[in-house]
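In what follows, a single structure is set out as structure tokens and then discussed.
Side chains are part of it too, since the values below use all heavy atoms of this structure and drop only hydrogens, waters and symmetry mates. Letters A, B, ... mirror the listed sequences (proteins, then strands); counts begin at 1.
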Protein chains: 2
Amino acid sequence: MRHWFITADGSLKARWKKAFPNTAALTPDSLRGQVQLNDIVWLLTTVEEWSSLIDVATKQGAITVVMSYAADDREALKALDLGARGYVHTLAAPEVLKQVALVVANQGVWVGQALLAKVLGGSFKALQQRGERSTNHYSESLELLTEREMVVARAVAQGATNKEVARQLDITERTVKAHLSAIFRKLVVRDRLQLMLKLSTLTQ
Amino acid sequence: MRHWFITADGSLKARWKKAFPNTAALTPDSLRGQVQLNDIVWLLTTVEEWSSLIDVATKQGAITVVMSYAADDREALKALDLGARGYVHTLAAPEVLKQVALVVANQGVWVGQALLAKVLGGSFKALQQRGERSTNHYSESLELLTEREMVVARAVAQGATNKEVARQLDITERTVKAHLSAIFRKLVVRDRLQLMLKLSTLTQ
DNA sequence: CTATTTCATGTCCAACAGTACAATATTTAT
DNA sequence: ATAAATATTGTACTGTTGGACATGAAATAG
């Protein structure tokens, strides 16, 4: 089982070699005939080139993973729909690539956690034949927040401390706390970590 | 990390032991309190019992896989929607079970190929109009963490307090802090919020 | 014009988080 | 066998967080 990285110029990044010692880079043209059964093909080409490349690779029994700079759910779903078995960020660390390889090589599918929730939630409802529009109770609860609270919530969800938020917004730390208390009460979470989780399930 | 097979009578099939030497069978009642973080729970109960059992297992940080005789797509989606990470046939061979375990333990989701097509097809349409954004930047490695540290890191990334993690793992709060200090140092983050952010990108 | 909402700030305090010093037992590697 | 890594727990200390009391100004809705 070999790993092939398909890049426009056939270049091979060091971190890929670090992840998989027995690997090689290829240009899109030289893909056909090279790959074998259960090889893993990592595609770094443009969106336009996927379709045919995924097809070529899978026809030869290879497993395809699309790499992209844009962590775009729709793009990911398109790739998976076309036959790719994974969708991962281009700059993923060697350790992540290893995990992805492990999963896809074992018949699994690699998608982000956030995307997964959407996929399962969405499709489940789709199969249930429900005509209701996707009313995420989150957007409602988010609308409870005032403009200022929203800004604070976002900053905190990005990992900022109260002090940092205060500096960013040029207000005192006390005021940040006041906003946070209101946010916690409105969104029914106990602390900034739970807030982070709540926000991430919806804004990502 | 242990494997638990939940059956009505608490019986344990030979092929499960063959797949995972380090395993045990449980009845639905005895599930609570037994399983730990990152354990894998295989559910062989009736459909009616899933909901609560998946909930109990995941609340304790375990990964749930539903086993069923009926290869029913809708049943599978329901299981996954409830929080299960895999859906596999009850009579699956040991080799298959090992693969499933490998995939779900690495953040993957196990579903059949046929179901996958449906899921993606359905959700792709369902998700046509949603915007996305993302940020990815990391270099440090998850493999720097020991097994124990990994368990703590995941628990914290799910929003647990030190006290809660201590209770879950049946260790003192002080030990949790020790692990966390090691985690922070290794992953070069300053606190649990930054850890959360880092893990969410690493395991995306 | 008043009532309400939003935004800002203050002090006090208890709980939580994280580090700096440890120490000890077990397992793993050389 | 010895060294290194891992897992566990302890005390003491500092900084952060969030709630419980507040107050006051500006904007907005009725």
Side-chain angles (χ1 to χ4, degrees), chain A residues 95 139-200, chain B residues 1-2 21-22 33-39 60-62 105 140-200 202:
Chain A
E95 292 70 30
S139 58
E140 288 178 23
S141 51
L142 269 186
E143 282 167 12
L144 290 176
L145 301 186
T146 67
E147 206 172 326
R148 203 62 166 161
E149 285 163 358
M150 199 63 208
V151 175
V152 173
R154 289 217 183 109
V156 167
Q158 279 162 31
T161 64
N162 289 344
K163 207 166 292 197
E164 286 169 345
V165 178
R167 261 199 301 272
Q168 281 176 22
L169 302 184
D170 195 33
I171 54 180
T172 66
E173 201 179 331
R174 178 63 190 88
T175 308
V176 176
K177 287 184 180 181
H179 287 310
L180 270 179
S181 289
I183 293 167
F184 294 157
R185 180 175 44 77
K186 288 179 180 176
L187 298 188
V188 200
V189 291
R190 68 175 179 208
D191 56 29
R192 59 213 297 120
L193 281 128
Q194 299 293 330
L195 170 65
M196 213 173 195
L197 288 172
K198 184 146 229 169
L199 284 185
S200 69
Chain B
M1 190 258 279
R2 298 200 65 179
N22 179 22
Q34 278 287 347
V35 299
Q36 291 199 333
L37 227 54
N38 294 334
D39 281 359
Q60 292 172 85
E140 289 74 29
S141 136
L142 275 180
E143 285 178 3
L144 290 176
L145 302 187
T146 67
E147 203 174 326
R148 202 62 166 161
E149 286 162 0
M150 197 63 204
V151 174
V152 173
R154 285 200 192 154
V156 168
Q158 281 162 30
T161 65
N162 290 345
K163 206 165 292 201
E164 286 168 345
V165 177
R167 261 198 300 273
Q168 281 177 355
L169 301 183
D170 195 31
I171 54 180
T172 66
E173 202 178 330
R174 177 62 189 89
T175 308
V176 175
K177 286 185 178 182
H179 287 311
L180 270 178
S181 288
I183 293 167
F184 294 159
R185 180 175 44 76
K186 288 179 179 177
L187 297 188
V188 201
V189 293
R190 68 176 178 206
D191 56 27
R192 58 211 300 120
L193 283 129
Q194 299 293 329
L195 170 65
M196 213 173 197
L197 290 172
K198 180 146 254 172
L199 281 187
S200 70
L202 281 176

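- Taking 4.0 angstrom as the limit, A:His179 places none of its side-chain polar atoms (N or O) nearer than this to OP1 or OP2 of C:dC7.
- If you measure from atom NZ of B:Lys177 to atom P of C:dA22, you get 18 Å, rounded to the nearest angstrom.
- Between A:Glu149 atom CD and C:dT5 atom P there is a gap of 13 Å when expressed in whole angstrom units.
- In this structure, B:Gln194 atom CD and C:dG18 atom P are separated by 11 Å, rounded to whole Å.
- Here B:Thr175 lies in heavy-atom contact (under 4.0 Å) with a base.
- Here the C1' atom of nucleotide D:dG15 and the CZ atom of A:Arg192 are 13 Å apart, to the nearest Å.
- B:Arg148 is listed as a side-chain neighbour of B:Ile171, based on a closest heavy-atom distance under 4.5 Å.
- Atom CD in A:Glu147 sits roughly 12 Å away from atom C1' in C:dC7 (whole-Å rounding).
- B:Leu145 places its CG atom 16 Å from the P atom of D:dA5, with the value rounded to the nearest Å.
- In this structure, B:Arg148 atom CZ and C:dT27 atom P are separated by 14 Å, rounded to whole Å.
- One donor-acceptor pair, N or O on each side, does fall under 3.5 Å between the base of D:dT11 and the side chain of B:Arg174.
- The phosphate of C:dC16 has neither OP1 nor OP2 within less than 4.0 Å of any side-chain N or O from B:Thr161.
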